[in-house]
Amino acid sequence: MAKYKPVTKMQTYGIHSQWQSKSKDLPSIEKFTTDIPAEIDIEFGFIVNIKKARGAKIRFCIAHPGILDAEGNVRAPFTGEVHVTNNDWQFYLGDTVWSPIADKCGDWRMTIELDNKILADKTFNISLEHC
């Protein structure tokens with residue numbers, strides 16, 4: 001397995017414009033912050049630039065404060081893997097608040113890792129206080 005020596009820079013974090021999954025464009029930053037108001041459809045997260053990792057597979061995790069499924073059970077953190085497609089790659093990791101708001105309030109920790117090493121880590125606090 002190839003060993004990568006990536007160079008990672010967090011370019012933005014906080015409130016972003018709505019992410020369009022079908023678009024190649026990443027959302028734009030609206031406000032740098034880790035305090036996010038608990039409002040329906042607010043987009044929050046971060047954009048990282050990763051260099052020198054082409055072909056690598058990164059893992060991401062969004063650990064939420066206890067979102068419930070339809071049966072009332074706490075959902076597992078949202079996780080996934082993505083292949084780095086070039087040597088100067090940008091990636092957006094984020095989420096949005098949806099109804100009901102109550103189980104979205106609290107700390108949301110977002111991480112990106114490669115070879116069991118964390119490349120990016122940011123915790124956002126979703127709160128009614130920040131409205």
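These figures come from a predicted structure and were not determined experimentally.
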Would you call Leu119 and Phe91 a side-chain contact if the rule is heavy atoms closer than 4.5 Å? no
Closest heavy-atom pair and its distance - His83, Trp89: O-CZ2, 3.7 Å
Single-linkage hydrophobic cluster, 4.5 Å side-chain cutoff, Phe78 and Ile36 together: yes
If Ile, Leu, Val, Met, Phe, Trp and Tyr residues are connected whenever their side-chain heavy atoms lie under 4.5 Å apart, and connections chain through other members, are Leu93 and Ile47 in the same group? no
Passing candidate, side-chain contact (heavy atoms from CB on, under 4.5 Å) with Tyr13, options His16, Met10, Gln11: Met10
Which residues pass the side-chain hydrogen bond (donor to acceptor under 3.5 Å, both in side chains) test with Thr96, not counting sequence neighbours? none
Pairwise distance CD1(Ile15) to CD1(Ile29) - rounded to 0.5 angstrom: 8.0 Å
Is it the case that one hydrophobic cluster holds both Leu26 and Ile58, taking links as side-chain heavy atoms less than 4.5 Å apart, direct or via other members? no
With the side chain counted from C-beta on, respond yes when Val74 and Leu68 share a heavy-atom pair under 4.5 Å apart, and no when they do not. yes
Side-chain contact test, heavy atoms from C-beta onward, threshold under 4.5 Å: evaluate it for Trp108 versus Ile67 and give yes or no. yes
Which residues pass the side-chain hydrogen bond (donor to acceptor under 3.5 Å, both in side chains) test with Arg109, sequence neighbours left out? Asp121
Taking all non-hydrogen atoms of both residues into account, name the closest pair between Pro77 and Ala63 and its distance. CB-CA, 4.0 Å
Hydrophobic cluster membership, with links at side-chain heavy-atom distances under 4.5 Å among I/L/V/M/F/W/Y: are Phe124 and Ile62 in one? yes
To the nearest 0.5 Å, tell me how far Asn125 CG sits from Phe44 CZ. 10.0 Å
Keeping the roles fixed (side chain from Thr33, backbone from Gly14), state whether a donor-acceptor pair exists under 3.5 Å. no
I'd like to know if the side chain of His64 and the backbone of Arg75 have a donor-acceptor N/O pair within less than 3.5 Å. yes
Carefully, step by step, assess Ser17 and Glu30 under the rule side chain to side chain contact (heavy atoms under 4.5 Å, CB included). CA-CA 6 Å; Ser17 61; Glu30 293 182 354; 3.6 Å; yes
Can you check whether Lys117's main-chain N or O pairs, donor with acceptor, with Asp115's side chain at less than 3.5 Å? no
Would you mind reporting whether Thr79 and Cys61 have side-chain heavy atoms less than 4.5 Å apart? yes
Taking atom CD of Gln90 and atom CD1 of Ile50, what is their separation to the nearest 0.5 Å? 10.0 Å
Path from Tyr92 to Val48 over hydrophobic side-chain contacts below 4.5 Å: no
Is it true that a side-chain atom of Gln18 and a backbone atom of Asp41 form a donor plus acceptor pair closer than 3.5 Å? yes
Gap separating the OG1 atom of Thr123 from the CE atom of Met110, nearest 0.5 angstrom: 9.5 Å
Tightest non-hydrogen contact, residues Asp103 and Gly66, listed as CB-O, 3.9 Å
d(Thr34 OG1, Ile126 CD1) to nearest 0.5 Å is 10.0 Å
At what distance, to the nearest 0.5 angstrom, does CD1 of Ile112 lie from CZ of Arg59? 12.0 Å
Shortest non-hydrogen pair, Ile40 vs Ser99, comes out as CD1-N, 3.4 Å
Over all atoms of both residues, closest heavy-atom pair of Val84 and Asn86: CG1-O, 3.3 Å
